[in-house]
Structures are given as C-alpha cells and as structure tokens.
Amino acid sequence: MKKISRRSFFKVFGTGTAATAAVAVTGCNDQSKTTVSLVEPPTDRMTYRTNPNNGDRVSLLGYGMMRLPIEGGNGAARENPDAALDQEMINRQVDYAIAHGVNYFDTSPAYCQGRSERATGVALSRYPRDKYFIATKLSNFSPDTWPRKESQAMFENSLKELQVDYIDYLLMHGCGMHAQDKNGLEAFAARYMDNGILDWLVEQKRQGRIRNLGFSYHGDVEVFDQLMQWHDEGRYHWDFCQIELNYLDWEYADEINSRNTDAVYLYGELEKRGIPAVIMEPLLGGRLANVPTMIVNKMKQRRPDDSVASWAFRFAGTPEGVLTVLSGMTYMEHLRENIRTYAPLHPITADEDTFLMQIADDIYNLNTIPCNECNYCMPCPYGIDIPGIFSFYNRCIKEGYVNENRQSEDYRKARRAFLIGYDRSVPRLRQADHCIGCGHCLPECPQRILIPSEMERVWKYVEQLRQDGSL
C-alpha cells in the first residue's frame, strides 16, 4: 500500500475555492468545548460541489441523521436508549438546514435504534423531492439479514420509511468490518456477494430506484483495495465512497489502531479514479472539538474568532474531490455554526495544513482511546457504559488529570479530580471494573478498538488511584 505524504495535501488534492473565514461546532458530543456565535449564518452562501457522475449540486455540509434530538433532552438517551425522538425539533432543524442551503441528508436503518429513517422521512417528505438528496445504507450487519430476501426487504423498508420512490445515494454499509467469526473479506462476501445482493443493487440502479451506488469503508483495507480493483476492471462502478477523514486520521489512523487505514491513502485512491468522497467523522465523534487547553490556545493564537471544531471542518472540506462532509448535528446551535463554516468555505492554506499536522502530532502523543462515541457497541449485555467510560478517560488525559507519577506535585490534585469526576460521569455499576471481557462488543466497533483490553487499562488505573488513600 503506497502512501503519499500528508505534507503533499495541497499538491495532490488542490485547495478548493477561496472564501471568507468561518466558525463551526460539533453535533457529536455534549461535552465538546466550542465557541458559539450568535450571528445568524447567511442563507445564500453555502458552498456546493458538483458530482462529476451526474451533475448533482451537493451542499458541502451534509446532515448526518445519526444523533437526532431526543424528547426530554439528549442527556436522556444514554440512560434510556429507547427514548423517543423529538420529531418536532427534527423538523425544525431540517427546515433550518434546507433554508440555509443544506440538501444532503445521510441516514441508515441502524441509526437511532432503527428510528432514524422514519424520522428523516417525516421531516423531508414535507418538501418537493428535488429539494434534497437522501443517502441511506444497506446495513445488513447481522447474519440474519444476510439471506437475499432479508437484505432486499431492508432496502424496500428504507424506501417505505423515507417515503420515497428512489434513493439518491445508496451505500453498502461498513465494508471491511468483521462479522461473527469472519474477517473483512469474508464478511463482505457473506453480506453482498454470496447472496447476489450487490448484483441486485446494480439492477436497482439500472431501474432508477438507486441513482448513485457506493459504499462506506471501515476496517480491513483489503476490502477497500478489492473494491477499487473491481472499479478499475469495470466489474463494478462506484459512484461515490464514504470514508473517515480528519486531520488526525490523515496519517495516524493505522498507528492509533492497526485495523484502520490512513485517510491520506483512502482519499488518494478515490481521487485518482475520480470517485467522489463523502466524509464521515470530521471531528472523530467530537474529539477534535474537545482538545487540550494547550492546543486550544495554539489555535486561538492563529484564528482568535474561530472555534476549535472549525479547523477540522475546514480541513475535511478542503480537498476538491470531497462531495460533502457529514456532521451529526444534535442541536440547533451545532447546525447553525456548521453552516457558517461552509457558507462559504474558507479552505485550509498550505501553512495551516502544516500547523494542523503539528496539532495531530500533539494529539497522537496523548495516547487517548480512539473512541468516537458512535454507540455501535451499545447496549452492553452487562450494562457497562462503554462510550461514557472512554469519553471520560480521554477527557481526563486531555485535561491533565491522568497522572501516574506518584512523585509529581500535581498527582494528588489529579487523583482527586479523576476519581470524583469518574463517579459523577459513570454510575458505579456501569464502570469499567464490571467488564467481564465477553467480547460481545468487539465485532460492533468500526474503530476496531480492543474494548475489553481498554476497559482493563481504565479500571487498573482507577484501582491504583483508589488504593492510594482517601479523598
């Protein structure tokens, strides 16, 4: 696998269209530290990219319908995964997005406990069909959905839930992920090839029920390379591909987790084939909006009026081969500020790219757990709050409260802050020491985190702190 240098970002991909500076926030993490502007974004300045396959004029900001508002406030979702979606708020936010030029909406049968497609359909069906593009997925992860009829039924149900006759952008979901005892290639074959579903999807495209056929990639790079080879051979044509791209994953993805693939490679392979890239996780589940204070200060020195998150959004939107950048915008303020970043886009300059690569070095050296809080691992059969534990631990690393040097002057202060914060953030019965290492979560994690091992890492650290005396 030959890589291009991350320093060659602009030589290879171009710099996009110059525009004015802007700010953004994340919709992925309630605890993100962001700067929110009270100024309304313009309604007529959205940046658009043209799909070279069919001329679709797609908003550079895409609305990810993965983390939708919950009735009673989003804090209720973790305590009650079955909490009802707030359809009225979803409608209001979709209205606001469309009014400000957003026209790409990304969902899945797997999102929001299987309720995202219906909520998305309700919100969008109030508009003429040519006002928006719908992207959804064939999310046949479970073996009971692998039979041909079951996968076909999933696609048909998506049309019903979304209240449409065709899907604009249909993805085979999570290509490269492991399933049961199968590696990425074996799982892909079971989900899409052995049952003839991929050929059936091609036929649906021929019939006009799918306008663009592509896939989202997670996991084993052999699957990505195989799909690129089929594209080159003319066996299958990919109209687009969804990949994880941000300034940390640009060249650190496979160093953080050996089963991930650096974005510099993935994007480069798509760019040279002219396959439009749809970007997911521009903020790594909010991690790139919730960075240590020292990094915040560096960013504020360069662009005082911009939020930390805006750097990540601008980086993800700068390559010219990017069709749209997805953001899961739970709150109206997230939507408002993200629109500001792309209305219009101020592309990352060569000097800023060098700066962000230095920031990526700093973040990588923090040794955080690469969880983006997608919640695919939940619910844990033993009640462990996996994303909550990882989020708290990562936040403490970033804020300097993980200190294993007992001789340090700051050890006592850090110890107290960690233990008190841990008990407040995660109920005792849902903490890491209750993990039995069953591995139920492992095949569900797109980041391929060795969750039981990381749980052991956290609880051993907690036990060390607790054994060092009373608070």
Side-chain angles (χ1 to χ4, degrees), residues 1 106-111 135-155 158 167 169-205 210 212-245 249 253-254 257-263 265-270 273 275-281 374 376-377 439-449:
M1 185 172 70
D106 172 87
T107 183
S108 159
Y111 292 170
T136 194
K137 306 169 182 73
L138 190 60
S139 305
N140 57 348
F141 300 121
S142 175
D144 60 9
T145 62
W146 294 351
R148 183 184 180 94
K149 288 185 178 179
E150 298 300 325
S151 289
Q152 289 174 334
M154 181 178 288
F155 174 80
S158 291
I167 304 297
Y169 291 81
L170 192 282
L171 302 93
M172 295 182 292
H173 196 179
C175 296
M177 291 177 64
H178 292 208
Q180 299 296 314
D181 58 347
K182 300 180 184 296
N183 63 29
L185 284 169
E186 293 168 341
F188 180 84
R191 293 173 62 193
Y192 298 114
M193 303 304 296
D194 298 342
N195 55 11
I197 280 297
L198 176 50
D199 289 329
W200 184 79
L201 292 175
V202 171
E203 174 60 21
Q204 301 313 296
K205 181 185 173 185
I210 298 171
N212 296 273
L213 180 60
F215 64 95
S216 65
Y217 164 74
H218 299 272
D220 291 352
V221 73
E222 292 84 2
V223 176
F224 180 86
D225 290 340
Q226 179 68 76
L227 296 177
M228 291 298 100
Q229 180 180 335
W230 287 350
H231 183 90
D232 294 341
E233 295 170 350
R235 180 174 176 180
Y236 295 103
H237 174 84
W238 309 120
D239 298 305
F240 70 111
C241 176
Q242 188 165 305
I243 60 171
E244 185 171 306
L245 186 152
D249 281 333
D254 64 1
N257 189 312
S258 62
R259 289 186 179 179
N260 282 350
T261 306
D262 291 346
Y265 175 77
L266 299 174
Y267 179 83
E269 292 298 296
L270 298 176
R273 292 173 172 85
I275 300 174
V278 172
I279 304 307
M280 57 184 166
E281 298 297 348
C374 68
Y376 283 3
C377 59
H440 182 271
C441 52
L442 289 174
E444 309 301 328
C445 179
Q447 302 300 322
R448 316 311 301 171
I449 300 170

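Side-chain contact between Leu245 and Leu266: absent, with no pair of heavy atoms (C-beta onward) separated by less than 4.5 Å. Contact check for Ile275 versus Met228: side-chain heavy atoms found under the 4.5 Å cut-off. Using a 4.5 Å heavy-atom cutoff, the side chains of Cys445 and Tyr376 are not in contact. No side-chain heavy atom of Met280 sits under 4.5 Å from any side-chain heavy atom of Asp106. Within the 4.5 Å cutoff, the side chain of Val221 has heavy atoms near those of the Tyr265 side chain. Within the 4.5 Å cutoff, the side chain of Tyr236 has heavy atoms near those of the Leu198 side chain.
Nearest heavy-atom pair, Asp220 versus Gly184, reported as atom, atom and distance to 0.1 Å: OD2-N, 2.8 Å. Closest heavy-atom contact between Gly174 and Phe141: CA-CE2, 4.3 Å. For the pair Leu138 and Arg191, the tightest heavy-atom approach, listed with the atom from each and the gap, is O-NH2, 3.8 Å. For the pair Asn195 and Ser151, the tightest heavy-atom approach, listed with the atom from each and the gap, is ND2-OG, 4.1 Å. Nearest heavy-atom pair across Ala277 and Leu270 is CB-CD1, 4.0 Å. Among all heavy-atom pairs drawn from Ser142 and Asp144, the shortest one is OG-OD1, 2.7 Å.
Rounding to the nearest 0.5 Å places CD1 of Ile167 at 11.0 Å from CG of Leu201. To the nearest 0.5 Å, atoms OH (Tyr267) and SG (Cys241) are separated by 12.0 Å. In this structure, the separation between CD1 on Ile197 and CD on Gln152 is 4.5 Å, given to the nearest 0.5 Å. For the atom pair CZ of Arg235 and CD of Gln229, the computed distance is 9.5 Å after rounding to the nearest 0.5 Å. Taken to the nearest 0.5 Å, the CD atom of Glu444 stands 9.5 Å off from the SG atom of Cys374.
With sequence neighbours excluded, the residues that form a side-chain hydrogen bond (donor to acceptor under 3.5 Å, both in side chains) with Asp232 are Arg273.
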> Going through the checks in order, is the side chain to side chain contact (heavy atoms under 4.5 Å, CB included) test met by Lys205 and Asp239?
Replying inline: CA-CA 11 Å; Lys205 181 185 173 185; Asp239 298 305; 2.7 Å; yes

>> Please evaluate residues Tyr169 and Val278 with respect to the criterion side chain to side chain contact (heavy atoms under 4.5 Å, CB included), reporting the C-alpha separation (whole Å), side-chain torsions for both, the decisive distance (0.1 Å), and the verdict.
In response: CA-CA 10 Å; Tyr169 291 81; Val278 172; 5.7 Å; no

> Where do Ser139 and Tyr111 land on the side chain to side chain contact (heavy atoms under 4.5 Å, CB included) test, with the steps shown first?
Replying inline: CA-CA 10 Å; Ser139 305; Tyr111 292 170; over 6 Å; no

>> For Tyr217 and Glu244: C-alpha separation, side-chain torsions, deciding distance, then whether side chain to side chain contact (heavy atoms under 4.5 Å, CB included) applies.
In response: CA-CA 8 Å; Tyr217 164 74; Glu244 185 171 306; over 6 Å; no

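Defined by atom type and a distance below 3.5 Å, a donor-acceptor pair is present between the side-chain atoms of Tyr192 and Asn140.
A distance-only check finds a donor-acceptor pair linking the side chain of Trp238 to the backbone of Leu227 [under 3.5 Å]. In this structure, the side chain of Asp262 engages the main chain of Asp254 through a donor-acceptor pair within 3.5 Å. Although no hydrogens or angles enter the test, the distance criterion places a donor-acceptor pair under 3.5 Å between the side chain of Glu186 and the main chain of Asn183. Side chain of Lys137 to main chain of Leu170: no donor-acceptor pair is present (N/O by atom type, distance under 3.5 Å, no hydrogens or angles). Of the possible donor and acceptor atoms, none in the side chain of Thr107 sits under 3.5 Å from a partner among the backbone N and O of Thr136.
Counted within 6.0 Å of NE2 on His231, heavy atoms from surrounding residues, nucleotides or ligands total more than 12; the atom is thus considered enclosed.
Screening Met172, Gln226, Lys182 for a side-chain contact (heavy atoms from CB on, under 4.5 Å) involving Phe188 leaves a single residue, Met172.
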